[in-house]
Amino acid sequence: MDYLAGLNPQQRAAVENTQGPAMIVAGAGSGKTRVITYRVAHLIEKGVDAFNILVLTFTNKASKDMRERIMKVVGSEAKNIWMGTFHSVFAKILRVEAEKIGYPSNFTIYDTDDSKSLIRTILREMQLDDKLYNANFVYNRISSAKNNLVSHTEYMQNPEIQAEDVSNKRPLIGVIYETYTKRCFKAGAMDFDDLLFKTNVLLKTHPDVLNKYQQKFKYLMVDEYQDTNFSQYTIVKKLAAAYQNICVVGDDAQSIYAFRGANIQNILNFERDYPDLQVYKLEQNYRSTQNIVEVANSIIANNKNQLEKNVFSDNEAGDRIKVQRAFTDNEEGKMVAEAIVQERSTKGYTYHDFAILYRTNAQSRAMEEALRKLNIPYKIYGGLSFYQRKEVKDLIAYFRLTFNPADEEAIKRVINYPRRGLGDTTVEKIMVAADQHNITMWQVICNAQQYIPGRTANQLNDFAVMIQSFAVEAKKLDAYETALYIAQHSGILKELHADQSEEGRGRHENIQELLNGIKEFGEREDIEDRSLAVFMQDIALLTNDDKADDKNADTVSLMTIHSSKGLEFKNVFVVGLEENLFPSQMSLNSRSDLEEERRLFYVAVTRAEKKLTLTYSTSRYRWGTLTNCEPSRFIDEINARFLEIEVVKPSKSSLGDNSFDNERRSWTQQRDSFSKPKPASGGTGTVSAPAQRPKTTAMLPKAHVPTPGFTPDAANAFQNGMDVEHEKFGFGKIISLEGTLPDVKATVFFQGLGNKQLLLKFAKLRIVK
Ligand SMILES: Nc1ncnc2c1ncn2[C@@H]1O[C@H](COP(=O)(O)OP(=O)(O)OP(=O)(O)O)[C@@H](O)[C@H]1O
Ligand SMILES: [Mg+2]
């Protein structure tokens with residue numbers, strides 16, 4: 001296969017020049033990921049050993065896709081490339097090297113839930129107010145310290161950090177951080193951030209280890225480089241230091257993880273770190289239609305902080321971007337579902353060609369309901385992972401204990417599940433004893449008579465014997481047999497079997513699915529050690545999306561915009577484009593947060609290949625109350641030339657004294673009253689529900705069909721508050737007038753479009769009487 005033929009000259013140069021540092025900062029859809037893929041293939045074709053190549057991707061799925069593509073060029077050699085997310089690759093390395101930094105090689109990986117549970121325990125022990133010291137807040141603070149390579153000692157010694165915590169009225173975070181670190185260590189556990197933090201520690205304190213991996217990874221590549229944090233940046237820099245064959249690709253306009261410590265500074269640092277850096281420019285977008293690319297450009301142009309770049313598309317102009325309004329979130333779902341049915345039947349698409357993207361997970365509910373009603377198959381990506389479900393985590397906690405009985409979070413989780421008379425009081429006693437004697441909870445449990453004499457000691461002893469027996473069986477049995485043995489003898493299967501409710505059956509099925517997954521793992525031929533211990537190693541890093549994708553399943557994809565990074569779909573719906581939702585309320589306080597939201601919007605828009613639809617609702621249930629919503633400012637920011645806006649043409653009366661805002665609100669309220677059960681005797685019959693008002697679809701700018709006999713009025717005829725019609729933008733209301741004739745400028749609010757500034761002598765405006 002002539003893979004080089006599928007590259008433009010700049011891409012090809014970036015693929016062929018494999019030596020020395022290289023950076024590609026280019027817009028969405030310009031082939032950055034393709035360059036990395038082909039570069040790896042090219043290296044292998046040139047004779048570089050696949051074992052010497054490290055590729056860091058943003059998701060496990062991305063690396064799986066990339067590997068498959070490379071395989072098409074170089075065959076099964078592609079299996080030997082080191083490829084995966086930062087977390088999975090460095091977890092793998094830490095398994096080999098952990099003992100050098102005092103951890104067991106079978107260390108547990110604490111997921112976010114485990115970390116927060118441990119923090120809550122510590123807060124309770126320190127008797128701190130958990131409203132002030134909210135577990136999420138503390139977790140984020142510790143996480144961001146680790147991602148900036150600030151250890152707990154440095155944290156407590158740093159006057160700036162201390163001052164910040166004092167001014168936040170939370171001066172004890174450093175102390176919590178210290179306790180948290182010690183407890184993780186004692187439990188033989190690393191949290192997600194530790195996988196990177198401890199890798200840094202390892203590489204810093206063990207030059208021999210650093211040297212080994214520098215020699216191993218002669219070629220490094222990083223996709224989505226804009227979203228790496230300082231901790232990741234430092235690892236990459238260290239590993240690449242010997243050979244400097246490092247190629248990073250990214251797009252500053254798609255940096256969407258500042259809240260996790262990702263920093264555009266990493267791109268700038270890269271230039272500073274490698275003065276002889278080769279920089280490649282990719283300007284052609286191959287993914288999307290011209291209209292989509294133009295829209296994306298016009299969105300990002302609103303951001304002040306960005307690197308200058310030019311993106312164009314040679315693809316067809318394509319459809320204009322559709323903007324659709326609904327009155328409720330349910331109606332929004334219905335609108336999207338119906339559009340999918342329509343497009344699929346008229347244009348020959350499969351469900352696979354559609355994606356629905358939203359800002360927050362909560363928005364999936366209305367979409368799911370609507371899709372189900374029309375029997376449209378769908379799959380939600382991200383969200384609560386299969387491995388995060390309670391029953392799955394419970395069984396996994398038993399597995400964890402089997403291999404690492406020091407794991408405190410696993411003990412707390414299952415010591416009394418299924419119930420065996422070891423309630424909270426016993427757990428407290430165990431923790432106190434462990435603390436007093438500076439030993440692990442497990443050691444207390446194994447010597448219960450000594451530390452907690454009395455009746456519970458026997459029960460604790462039984463628990464210890466059970467876990468020990470699991471470890472014995474694990475040595476004899478294969479992965480599946482071990483898992484089944486534990487599921488049976490822990491009592492979990494029986495417990496779930498007893499619950500015959502629908503939910504209970506669902507939970508039982510999930511356990512079966514987990515067991516099936518382990519069975520499949522045990523049959524894999526591409527790995528040598530297929531024990532349960534190995535299956536467990538990076539299970540905490542798996543997400544829903546990593547479960548074997550059923551390639552035959554034809555489903556619509558639903559996901560948050562954050563999860564959609566790097567992906568592409570023929571048809572994309574970005575839903576919930578409303579103020580306070582997208583941009584999110586929390587982003588409205590600072591320019592940098594707002595700019596991050598806008599980058600998120602840019603990411604969403606640039607996922608679309610052929611058709612993009614933006615939807616919003618004028619009301620939505622949020623936090624249990626019906627809220628009125630304004631269309632997102634992001635819609636206003638798009639050049640109207642590229643939009644096709646579906647508007648409800650207001651009737652004459654509605655253009656009276658009310659502003660559109662009031663009108664919208666009253667429609668929403670009326671509509672709401674309609675959805676409630678009607679009173680026995682009429683009374684609302686004279687008002688028609690707004691959704692049933694005759695709708696006209698106004699195509700902008702071309703397809704707004706002006707009212708027959710449309711003739712513009714002279715500039716001097718206009719006054720504030722007048723209702724007007726524009727030849728292209730449709731109906732609007734004059735908000736303000738500025739300047740003197742003949743150069744009077746009007747700000748006009750157009751429904752669905754927001755405010756537009758028009759010079760009256762040019763604008764073709766007509767007064768609506
Ligand atoms: N030279 C090319 N010829 C044809 N198709 C191309 C070319 N370069 C890239 N493509 C296609 O364009 C699409 C976008 O490419 P790719 O995903 O690599 O872009 P990207 O820059 O990584 O985008 P993002 O910023 O969204 O991650 C893919 O479908 C890819 O196969
Ligand atoms: Mg990409």
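Order of appearance sets the numbers: ligands from 1, and atoms from 1 within every ligand. Residue indices begin at 1 and follow the sequence shown.
- Applying the salt bridge (Lys or Arg N to Asp or Glu O under 4.0 Å) rule to Lys198 yields no partners; only residues at least two apart in sequence or on another chain are considered.
- Tested against Asp251 for a side chain to side chain donor-acceptor pair (under 3.5 Å), the candidates Lys32, Lys309, Arg599, Lys565 yield a single pass: Lys309.
- For the Mg ion (ligand 2), the nearby protein N/O/S atoms, meaning those under 2.8 Å, are Thr33 OG1.
- The closest side-chain heavy-atom distance from Lys61 to Tyr381 is below 4.5 Å.
- Between Ser255 and Asp227 the shortest heavy-atom distance is CA-OD1, 3.4 Å.
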Less than 3.5 Å apart, N/O on ligand 1 and N/O on the protein: could you list those pairs with the distances?
from, atom 1, to, atom 2, distance (Å)
ligand 1, 1 (N), Gly6, O, 3.2
ligand 1, 1 (N), Gln11, OE1, 2.8
ligand 1, 8 (N), Gln11, NE2, 3.0
ligand 1, 10 (N), Arg34, NH1, 3.4
ligand 1, 17 (O), Arg287, NH2, 3.1
ligand 1, 18 (O), Thr33, N, 3.3
ligand 1, 18 (O), Arg34, N, 2.9
ligand 1, 19 (O), Gly31, N, 3.0
ligand 1, 21 (O), Ser30, N, 3.2
ligand 1, 21 (O), Gly31, N, 3.1
ligand 1, 21 (O), Lys32, N, 2.9
ligand 1, 21 (O), Lys32, NZ, 2.8
ligand 1, 22 (O), Thr33, N, 2.9
ligand 1, 22 (O), Thr33, OG1, 2.8
ligand 1, 23 (O), Gly29, N, 2.9
ligand 1, 23 (O), Arg287, NH2, 3.1
ligand 1, 25 (O), Lys32, NZ, 2.6
ligand 1, 25 (O), Gln254, NE2, 2.8
ligand 1, 26 (O), Arg287, NH1, 2.8
ligand 1, 26 (O), Arg287, NH2, 3.1
ligand 1, 26 (O), Arg607, NH1, 2.8
ligand 1, 26 (O), Arg607, NH2, 2.9
ligand 1, 29 (O), Glu568, OE1, 3.3
ligand 1, 29 (O), Glu568, OE2, 2.5
ligand 1, 31 (O), Arg34, NH1, 2.6

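- Figure legend: cation-pi geometry between Arg598 and Phe634 absent, as NZ or CZ is not positioned both under 6.0 Å from the six-membered ring centre and within 45° of its axis.
- Annotation: ring pair (Phe, Tyr, Trp, His ring centres under 6.0 Å) contacts of Tyr280 (sequence neighbours excluded): none.
- Under the 4.0 Å criterion applied to side-chain N and carboxylate O atoms, Glu332 and Arg620 are assigned as salt-bridge partners.
- For the residue pair Thr18 and Asn245, the shortest heavy atom distance occurs at O-OD1, 3.9 Å.
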_Could you walk me through whether Tyr243 and Gln215 satisfy the side-chain contact (heavy atoms from CB on, under 4.5 Å) test, starting with their C-alpha distance in whole Å, then the side-chain angles of each, then the deciding distance to 0.1 Å, before giving a yes or no?_
CA-CA 8 Å; Tyr243 290 92; Gln215 294 307 321; 2.6 Å; yes

